[in-house]
Amino acid sequence: MDATFATGKELQKMDPVFGQLSFNDHEQIVFCNDKDTGLKAIIGIHNSVMGPALGGTRMWNYKTEWEALNDVLRLSRGMTYKSAITGLNIGGGKAVIIGDAKTQKTPELMRKFGEFVHSLSGRYITAEDVGMETKDMDTVRDVTPYVTGISEERGGSGNPSPVTAYGVYLGMKAAAKSQFGSDILEGKKVLVQGIGHVGETLVEYLTKEGAQVTITDINEEKLYQVAQKYNASIYTGDDLYTADVDIYAPCAMGAIINDDTIEKIKAKVIAGAANNQLADENVHGARLQERGILYAPDFLINAGGIINVYAELAHYGKAEIMSKTENIYNTTLEIIDYAVKNGMTTHKAALTIAQNRIDQRKIENATKK
């Protein structure tokens, strides 16, 4: 076929990696396959200017390999900016394992994945993400040192989820201060979408402060359990995006702010733990701004987890982990202020500040050579 007359989708088929819209000058993409364990994984290293690429491994039952590739490209890019905006000296990477974490994850599969990670000789360091537990990271640690978020019994920082939730909570308070004039969340109506490890802890913080919390999740058993535990309401409407709330907190999968949902949203603040919440960061970021909805950049406010696992590499303790996470509040306010002063979206402002730090380090690295 003559590429001159090919459609966008046809070009993507001819260039399945470099032709992806989510490909953003990634340094390395590694496809991992092992017949014996059933492992099918993709490791994405986006940028290593600031240091080795650090990012969690997600196990998800993707519908297609294309979907998995797109996810790892978007997630690894997000990790680059997450680390840079938070002031950590690490690059951005991510891994996805294709499969059902509940039925297909085995110690043998995790060890084999660890061997693939080890083969990269430290260019990529893995950690826990969706579908993973601390014990899985311990299994990976059996075959490679290039893993963080291992159990405290083995000298690690443990489950990063509580720290992630704390950062999201603080980012939400900062956004509320900017949008409503006060960071007090008592009485505010908050919808939390997704009550996994991070979402549940966020619900705990919010209910302790006296927010009116409504929750939703695809796992009905967990939904009722969390609702009862924290006296939260369960969303029963037909379309959660139309919910009459002050703050919407997406804490599940990404791309939930898209062409189908963006015009329905009634919340005045969006602040959640999910990665890549904007399906198209330029189009949807601008539209939220036009509608007067304040978006707290996801890769900033959910950075508590990476701060937590980075502690294992930088050798600092719980006190510094919490101090760095608490700084998310101030950074969120700074980014909102920067966005207003420069006439750009909050997402663009966060990206700009992060990219400036990466560019500066690139110059420093070149000077040292």
Side-chain angles (χ1 to χ4, degrees), residues 16-17 23 26-48 50-62 64-80 83 90-161 275 305-306 308-315:
V17 176
F23 185 82
H26 285 70
E27 294 176 3
Q28 190 173 6
I29 311 295
V30 181
F31 294 85
C32 315
N33 181 59
D34 181 67
K35 184 179 178 182
D36 293 338
T37 61
L39 174 72
K40 289 187 182 299
I42 310 172
I43 298 171
I45 298 175
H46 176 252
N47 189 289
S48 60
M50 302 298 297
L54 173 61
T57 296
R58 169 174 296 187
M59 188 165 186
W60 191 257
N61 203 12
Y62 295 98
T64 66
E65 292 173 7
W66 287 88
E67 190 178 61
L69 174 60
N70 183 61
D71 206 27
V72 80
L73 289 171
R74 283 171 59 89
L75 289 167
S76 55
R77 174 180 180 263
M79 292 306 299
T80 294
S83 298
I90 44 175
K94 204 79 174 183
V96 299
I97 297 175
I98 301 171
D100 188 331
K102 293 179 181 176
T103 60
Q104 294 175 276
K105 184 172 60 177
T106 63
E108 292 76 21
L109 181 141
M110 292 309 304
R111 274 193 287 272
K112 179 55 67 174
F113 174 72
E115 289 175 14
F116 278 107
V117 170
H118 192 69
S119 72
L120 293 170
S121 304
R123 271 183 56 73
Y124 169 66
I125 301 168
T126 196
E128 181 183 327
D129 201 293
V130 175
M132 291 291 153
E133 307 283 346
T134 303
K135 64 181 180 181
D136 298 317
M137 297 304 103
D138 284 350
T139 301
V140 172
R141 184 66 181 81
D142 290 340
V143 295
T144 182
Y146 304 124
V147 54
T148 55
I150 58 175
S151 63
E152 294 182 49
E153 294 78 25
R154 295 188 63 169
S157 56
N159 181 5
S161 299
N275 287 304
I306 199 75
N308 187 73
V309 297
Y310 179 66
E312 295 176 28
L313 304 178
H315 307 294

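- From M79, atom CE reaches atom CG of L75 across 9.0 Å, with rounding to the nearest 0.5 Å.
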Return a table of donor-acceptor pairs under 3.5 angstrom between the side chains of residues 30-39 and protein atoms on other chains or two or more places apart.
| residue | atom | partner | partner atom | Å |
| --- | --- | --- | --- | --- |
| N33 | OD1 | K40 | NZ | 3.1 |
| D34 | OD2 | T37 | N | 3.0 |
| D34 | OD2 | T37 | OG1 | 2.7 |
| T37 | OG1 | L39 | N | 3.4 |

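- Distance check: Y146 OH to R141 CZ gives 10.0 Å after rounding to the nearest 0.5 Å.
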### Query
Can you list the steps and then say if R58 with M132 is a side chain to side chain contact (heavy atoms under 4.5 Å, CB included)?
CA-CA 7 Å; R58 169 174 296 187; M132 291 291 153; over 6 Å; no

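- Using a 4.5 Å cut-off on side-chain heavy atoms (C-beta onward), T148 and M137 make no contact.
- To the nearest 0.5 Å, the span separating CG on D71 from OH on Y62 amounts to 3.5 Å.
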### Message
Go through it in stages, so that I can follow the logic: the residues are I42 and I29, the test is side chain to side chain contact (heavy atoms under 4.5 Å, CB included), and I'd like the CA-CA distance, side-chain angles, deciding distance and then a yes or no.
### Response
CA-CA 7 Å; I42 310 172; I29 311 295; 3.7 Å; yes

### Message
V117 vs L120, test: side chain to side chain contact (heavy atoms under 4.5 Å, CB included). Steps then yes/no.
### Response
CA-CA 6 Å; V117 170; L120 293 170; 5.8 Å; no

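- In terms of heavy-atom proximity, I43 sits nearest to A95 at CG1-CB, 4.0 Å.
- Separating the CD1 atom in I97 from the CG atom in D136 is a distance of 8.5 Å, to the nearest 0.5 Å.
- Using a 3.5 Å distance cut-off with no hydrogens or angles, the side chains of N159 and T134 do not pair a donor with an acceptor.
- Applying the side chain to side chain contact (heavy atoms under 4.5 Å, CB included) rule to E27 yields the partners I45, N47, S48, R123; only residues at least two apart in sequence or on another chain are considered.
- The closest donor-acceptor contact from the side chain of E128 to the backbone of P160 lies at 3.5 Å or more, if one exists at all.
- Of all heavy-atom pairs between A68 and V96, the closest is O-CG2, 3.7 Å.
- For the residue pair E115 / T144, no side-chain donor-acceptor distance below 3.5 Å is found, with atom types taken as modelled.
- Under a cut-off of 6.0 angstrom, the local environment of CD in E65 is sparse, with at most 12 non-hydrogen atoms contributed by other residues, nucleotides or ligands.
- Under the 3.5 Å distance criterion, with hydrogens and angles disregarded, a donor-acceptor pair is assigned to the side chains of Y124 and T126.
- Between T57 and D129, the side chains place no donor N or O within less than 3.5 Å of an acceptor N or O (distance only, hydrogens not considered).
- Rounded to the nearest 0.5 angstrom, M110 CE and D138 CG are separated by 10.5 Å.
- The shortest non-hydrogen separation linking G131 to A101 is O-CB, 3.5 Å.
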### Query
Between M50 and I90, does a side chain to side chain contact (heavy atoms under 4.5 Å, CB included) hold up when you go through it step by step?
CA-CA 5 Å; M50 302 298 297; I90 44 175; 5.8 Å; no

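- The structure places CZ of F23 at 13.0 Å from CG of N70, a figure rounded to the nearest 0.5 Å.
- Here the shortest heavy-atom pairing between M59 and D100 reads CE-O, 3.9 Å.
- Considering every non-hydrogen atom in both H26 and S76, the closest pair reads NE2-OG, 3.0 Å.
- Closest heavy-atom contact between G91 and S83: O-OG, 4.0 Å.
- A salt bridge between D142 and R154 is present, with a side-chain N of the basic residue lying under 4.0 Å from a carboxylate O of the acidic one.
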